[in-house]
Amino acid sequence: MTTFHDLGLSKTIVDTLTALGFEKATPIQAKAIPLVLEGSDLIGLAQTGTGKTAAFGLPMIEKLLADARRPDPRNIRALVLAPTRELVNQIAENLRDFVKKTPLRVVTVVGGASINKQSEMLSRGTDILVATPGRLLDLVARKSVTLTQARYLVLDEADQMLDLGFIHDLRKISKMVPKNRQTLLFSATMPKLIGELAGEYLVNPKKVEVTPPGKAADKVEQYVHHVPGKDQKAQILRKTLTDNPDGLSLVFSRTKHGAEKLMKHLDHIGFKAASIHGNKSQGQRERALKAFRDGEIRVLVATDVAARGIDIPGVTHVYNYDLPEVPDAYVHRIGRTARNGRDGIAIAFCTPDEAHLLRDIEKLMGIQIT
Ligand code: ADP
Ligand code: MG
């Protein structure tokens, strides 16, 4: 067993971790932390729910503490980018737990919230900024923040950050961060073509892999229901939800509209359900996630906006009500359960139209789903 002390973290941080119940390092933490401390650029690949946030967060915090400089007003010392607002908030919460006994300040910047407040938060200078790319660029354009003092750039869910939806923003941002920086990329999946793009952002990177990329968390039990048509999906979902009254279930739908419709249907037939997708206001999204986290609602219907990174330890079931178009999304979706050594069940519904999607998923994962 590797302790955080063994990995070279200082007493302040180790004490904080002990108080948080982090006694030993997870495999990705044990591999990544020493390399980040020694200053390497890094690609870290490990399954969902295995502690990647601390794997980049802890050594970065340690290095920021070792170099006691305070950030200038409207400047930042480290930048963490993530694809969704919810994930940004979660990463920032984790980092704030870690820096509790230190003078470091963690600030978040996400769309859908007041830009003026964010600008004000940035005016004092920030040690670690956690952001979604779009809002960050808006704040840079307003001169609320400059990135020229950043010494660390982290891409969480790196393959998604390098993919079409984000690559343009990412190119702009990476040019604003000095070349002389340490860059860290983390994800549970890294398709080959996207991995090749990563090279542009890294210098002599080390690569640490805990399991082959694309593999699901070991403890997810996976099943598939073959259904003749879409209509049968709701019936089977209703039955399985009824059979597991104590479960906490996350149901993925392909479209925002479909998610909303399904949520209303479930609500109508007596389940405590909420939904989270891009047509909801940020306030609604956060309230839904919190109610689900607290167990007040037992079923959350979501689009892929909730597929990556979200850590709700109590999730027992993940339903792929619709199979995702991109097989990697399946790995991330089912990774919302069985976090950090727990158990979890993933159930997919597959109509004849979706059979090719199921084949792609099985091929990626190298398994056959029962
Ligand atoms: P990933 O990013 O790999 O999906 P997270 O960083 O979200 O995983 O961590 C998953 C869960 O495991 C979180 O609830 C986190 O608090 C917990 N965790 C991470 N590292 C440790 C550790 N060393 N000891 C105990 N719990 C940990
Ligand atoms: Mg993560």
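We count ligands from 1, going down the list as the structure has it; atoms in each ligand are counted the same way. Please read these numbers as outputs of a predicted model, since none were measured by experiment.
Lys272 NZ: 12 or fewer foreign heavy atoms inside a 6.0 Å radius. Within a 6.0 Å sphere centred on CD of Glu200, other residues, nucleotides and ligands contribute more than 12 heavy atoms.
Of the protein's non-hydrogen atoms, the one nearest atom 18 (N) of ligand 1 is Phe22 CZ, 3.5 Å. Nearest protein neighbour of atom 17 (C) of ligand 1, counting heavy atoms only, is Asn340 ND2, 3.6 Å. Of the protein's non-hydrogen atoms, Gln29 NE2, 2.8 Å is the one closest to atom 20 (N) of ligand 1. Among all protein heavy atoms, the one lying closest to atom 23 (N) of ligand 1 is Lys24 O, 2.8 Å. Closest protein heavy atom to atom 13 (C) of ligand 1: Asp311 OD2, 2.9 Å. With hydrogens left out, the protein atom closest to atom 3 (O) of ligand 1 is Lys52 NZ, 2.8 Å, a heavy atom.
A salt bridge does not link Glu209 with Lys31: none of the charged nitrogens is closer than 4.0 Å to a carboxylate oxygen.
Inclusion of Asn94 in the set of residues having an N or O under 3.5 Å from an N or O of ligand 1 is not warranted. The shortest N or O to N or O distance between Glu23 and ligand 1 is not below 3.5 Å.
Nearest to atom 9 (O) of ligand 1 by heavy atom, out of Gly341, Gly51, Ala55, is Gly51.
For the residue pair Asn116 and Arg142, a side-chain donor N or O sits within less than 3.5 Å of a side-chain acceptor on the partner. No side-chain N or O of Gln182 forms a donor-acceptor pair with one of Arg151 less than 3.5 Å apart.
Here the side chain of Arg339 pairs a donor or acceptor atom with the backbone of Gly335 at under 3.5 angstrom. In this structure, Arg85 contributes its side chain and Thr132 its backbone to no donor-acceptor pair below 3.5 Å. Put simply, the side chain of Arg124 never gets that close to the backbone of Pro73: no donor and acceptor are under 3.5 Å apart.
Annotation for ligand 1: atoms under 4.0 Å from non-hydrogen atoms of Thr50 are 1 (P), 3 (O), 8 (O). Each of the following atoms of ligand 1 lies closer than 4.0 Å to a heavy atom of Thr53: 2 (O), 5 (P), 6 (O), 7 (O). In summary, the atoms of ligand 1 found under 4.0 Å from a heavy atom of Gln47, numbered by their order in the structure, are 3 (O). Those atoms of ligand 1 with a heavy atom of Arg339 less than 4.0 angstrom away are 1 (P), 4 (O), 5 (P), 7 (O), 8 (O), 10 (C). Annotation for ligand 1: atoms under 4.0 Å from non-hydrogen atoms of Thr48 are 4 (O).
Using a 4.0 Å heavy-atom cutoff, Gly49 is listed among the residues neighbouring ligand 1. Put simply, no part of Phe186 is less than 4.0 Å from ligand 1, judged by heavy atoms.
The cationic group of Lys233 does not satisfy the cation-pi geometry with Phe349, failing either the under 6.0 Å distance to the six-membered ring centre or the 45° limit from the ring axis.
By the 4.5 Å heavy-atom criterion applied to side chains, Leu300 and Ile276 are counted as neighbours.
By the criterion of a heavy-atom distance under 4.0 Å, the side chain of Phe4, and not its backbone, is placed next to ligand 1.
Atom CD1 of residue Ile310 and atom CG of residue Asn89 lie 8.5 Å apart, to the nearest 0.5 angstrom.
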